[in-house]
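First up is the structure itself, then whatever we jot down about it.
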Amino acid sequence: MNKIKLDLLIVGAGPAGTAAARAAADKGLRVLCVDRRAQIGLPVQCAEFVPMPLLRTVHETRARVQDVAGMMTVLPSGLEHHSVFPGIMIDRGRFDQGLAELAQAAGAEVNTRSTFLAWDGRHAQIKLPSGEIQAVEPLLMVAADGPHSPVAEAIGLPHQQVVYTRQYTVPLSHPYADTDIFLSDAFPGGYGWLFPRGPVANLGLGADKRFEDNLKLPLEHLHQQMVERGIIGPEVLGRTGGAIPVGGLRPMIHGNVLLCGDAAGLTHPITGAGIPAAVISGEAVGLAAATFLSGDEDALESYEEDMQDQFGPALRRAVQRRTSLEAVWRKPAAREDQVMRSAWIAFDEYFAA
C-alpha cells in the first residue's frame with residue numbers, strides 16, 4: 001500500500017468540500033479532496049434554489065438558471081400566502097463542478113471515483129479508481145461527505161436524523177417567477193415544492209419515513225394537481241431523491257477531524273436549505289485549517305464558535321419547531337392552518353417565542 005502525506009484531506013467534493021479545498025489551497029496548503037462519485041455534482045439531489053447572498057459564488061460557477069421573486073405557501077385549507085423571497089435557481093451540477101474547478105485553480109487536487117474506507121486517527125484509507133488502496137496521512141481531515149457521512153461514522157458519531165425526498169423534473173406550461181410551497185399532513189416532517197428552472201421545474205416533496213414511507217403516491221398526487229391547474233405538463237423528464245439532515249448542529253471538532261456542511265448538521269431542519277451553509281462552512285473550515293497549521297492553536301475552536309454563532313440560533317429554533325410538529329403528525333391538529341403557520345418560515349408565527 002503506497003502512502004502520501006499532505007496538509008489537508010477533504011472527503012466529499014460537494015459545495016462544502018470544494019469550498020474548503022479552495023480556501024485552504026489559496027493559503028498554500030497541500031490539499032487533496034476525494035469524492036466517490038464518477039462525476040462531480042451528479043446525480044443532482046437538490047431542489048436547486050439558493051438565496052441572493054450566494055450571487056457571487058453562483059456568478060463564479062456560471063450556474064445561474066433564473067431568478068426567483070417570491071414564495072407562494074399553500075396551507076392545508078388551500079389558503080395561499082404570498083411573500084417576497086428573492087433567490088436564484090441554479091444548475092446544481094454545474095455549480096458543484098464550477099466550485100471544483102475553482103479549487104483546482106487554487107492548487108487543490110480533486111479526485112473522483114475515490115472512496116473513503118477507514119480512519120485510524122492518523123491514516124485514511126482511500127480506494128482509488130483502479131481498486132488500489134492508498135494510505136493518506138494528513139495533518140487534518142475534513143468531513144464534507146453529506147448527511148450519511150462515512151467519516152463521521154468512522155470517528156464514532158451517531159447517525160443523523162434525516163428526512164427523505166423524492167423529486168420530478170417536469171415541463172412548465174408558462175414562465176414562472178415564484179417558488180410554490182405546499183404544507184400538508186400528506187408529507188409529515190417535510191413539505192412539497194415547485195421550483196421553476198426556465199422551461200422546466202423541480203416538483204418534489206420530503207417526508208419523515210417514521211410517519212410516511214411511501215413518497216411516490218403523495219408526489220404523484222401533487223403532480224396531478226399541478227397538471228390540472230395548468231402550471232406544468234404531465235410528462236416526467238427526470239427523477240431524483242436524497243436525504244436531508246434535520247437534527248441540527250453536531251460537534252464539529254474531533255481531534256484532527258473537522259466537520260462542515262451537511263456532515264456537521266448545518267442544513268436547516270425546516271426548509272432543508274443546505275447550500276449556503278455548506279459554502280460558508282467550507283470556506284471557514286479551509287481557512288481555519290490553514291490558520292491552525294500556521295501556528296494558531298485556537299483556530300479550530302474559533303471555527304466551531306463562529307459556525308455556532310452564525311447558524312446556531314436559527315437551527316435551534318427549527319429543531320424546536322420540528323419537535324412540536326412531531327407530536328401532532330397524523331393527528332387532526334396537523335391539518336390545521338395555524339399549526340402549519342407556526343412551523344414555516346414565511347409566517348410571523350414561526351418566529352414567535
Check your understanding: Parallel, tilted or perpendicular for H174 and Y176, by the 30°/60° rule?
Key ->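 H174 vs Y176 ring planes: tilted.
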Nearest 0.5 Å, please: how far is [atom2] in [Y] from [atom1] in [X]?
| X | Y | atom1 | atom2 | result |
| --- | --- | --- | --- | --- |
| S114 | K127 | OG | NZ | 11.0 Å |
| S342 | E336 | OG | CD | 10.5 Å |
| Y303 | S281 | OH | OG | 4.5 Å |
| R22 | E283 | CZ | CD | 7.0 Å |
| N202 | C46 | CG | SG | 8.0 Å |
| S184 | L75 | OG | CG | 10.5 Å |

[Y] reachable from [X] in the ILVMFWY side-chain graph, under 4.5 Å edges:
| X | Y | value |
| --- | --- | --- |
| L9 | W119 | yes |
| L117 | V136 | no |
| L287 | M252 | no |
| L315 | M307 | yes |
| F195 | M71 | yes |

Is there a side-chain contact between [X] and [Y] (heavy atoms, below 4.5 Å)?
| X | Y | answer |
| --- | --- | --- |
| V31 | I10 | yes |
| E235 | V170 | no |
| P76 | M340 | yes |
| T18 | L102 | no |
| I126 | I133 | no |
| Y191 | L205 | no |
| Q338 | E349 | yes |
| M141 | V11 | yes |

Using a 6.0 Å cut-off, check whether atom [atom1] of [X] has over 12 heavy atoms from anything other than its own residue.
| X | atom1 | answer |
| --- | --- | --- |
| R113 | CZ | no |
| H82 | NE2 | yes |
| D348 | CG | no |
| E228 | CD | yes |
| R36 | CZ | no |
| E137 | CD | yes |

Check your understanding: Quick one: do the T267 and D262 side chains pair a donor with an acceptor below 3.5 Å?
Key -> yes
Review point. Just checking, is any N or O donor in the side chain of E212 or W329 under 3.5 Å from an acceptor N or O on the other one?
Key: no
Between the main-chain N or O of [Y] and the side-chain N or O of [X], is there a donor-acceptor pair closer than 3.5 Å?
| X | Y | value |
| --- | --- | --- |
| S149 | D145 | no |
| R250 | A152 | no |
| N256 | L140 | no |

Check your understanding: Charged N to carboxylate O below 4.0 Å: is that the case for R122 and D120?
Key -> no
Exercise for review: Would you mind checking if R210 and D213 are paired as a salt bridge, meaning a charged N to carboxylate O distance below 4.0 Å?
Suggested key: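 Salt bridge: no.
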What are the two closest heavy atoms between [X] and [Y], and how far apart are they?
| X | Y | value |
| --- | --- | --- |
| L259 | P251 | CD2-O, 3.8 Å |
| L203 | I232 | CD2-CD1, 3.9 Å |
| L222 | G204 | CD2-O, 4.0 Å |
| V319 | P269 | CG2-CG, 3.8 Å |
| L172 | R197 | CD1-N, 4.4 Å |
| D96 | P15 | OD1-CG, 3.4 Å |

Review point. Between N111 and E109, is a side-chain hydrogen bond (donor to acceptor under 3.5 Å, both in side chains) present by the stated rule, with each step listed?
Key: CA-CA 6 Å; N111 293 343; E109 183 177 350; 3.0 Å; yes
Point to revise | Contacts of type side chain to side chain donor-acceptor pair (under 3.5 Å), residue Q97, not counting sequence neighbours | key: none
Exercise for review: Can you sort out the partners of S77 under side chain to side chain donor-acceptor pair (under 3.5 Å), two or more places apart, ordered by chain and number?
Suggested key: D337
**Study point:** Residues E220, R166; criterion salt bridge (charged side-chain N to carboxylate O under 4.0 Å, His left out); working and verdict
**Key:** CA-CA 10 Å; E220 288 183 345; R166 188 179 180 97; over 6 Å; no
Review point. ring-ring contact (aromatic ring centres under 6.0 Å, His included): which pairs involve residues 216-258, sequence neighbours left out?
Key: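 Sorted result for residues 216-258: Y168-H223.
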Practice item. Could you check D298 against S302 for side-chain hydrogen bond (donor to acceptor under 3.5 Å, both in side chains), going step by step and ending with a plain yes or no? Key: CA-CA 6 Å; D298 297 325; S302 294; over 6 Å; no
Review point. After noting the C-alpha distance and the side-chain angles of Q134 and L128, does the key distance pass the side-chain contact (heavy atoms from CB on, under 4.5 Å) rule?
Key: CA-CA 7 Å; Q134 182 173 67; L128 303 178; 3.9 Å; yes
Practice item. Evaluate the side-chain contact (heavy atoms from CB on, under 4.5 Å) criterion for residues V74 and L183: first the C-alpha distance (whole Å), next the side-chain angles of each, then the deciding distance (0.1 Å), finally the verdict. Key: CA-CA 6 Å; V74 183; L183 305 179; over 6 Å; no
**Study point:** Full working for salt bridge (charged side-chain N to carboxylate O under 4.0 Å, His left out) between R321 and E326
**Key:** CA-CA 9 Å; R321 295 297 182 259; E326 286 176 3; over 6 Å; no
**Study point:** F187 vs Y164, ring-ring contact (aromatic ring centres under 6.0 Å, His included): CA-CA, chis, key distance, verdict
**Key:** CA-CA 10 Å; F187 6 96; Y164 288 92; over 10 Å; no
Check your understanding: Does F351 have R317 sitting over its ring (NZ/CZ under 6.0 Å from centre, angle to axis within 45°)?
Key -> no
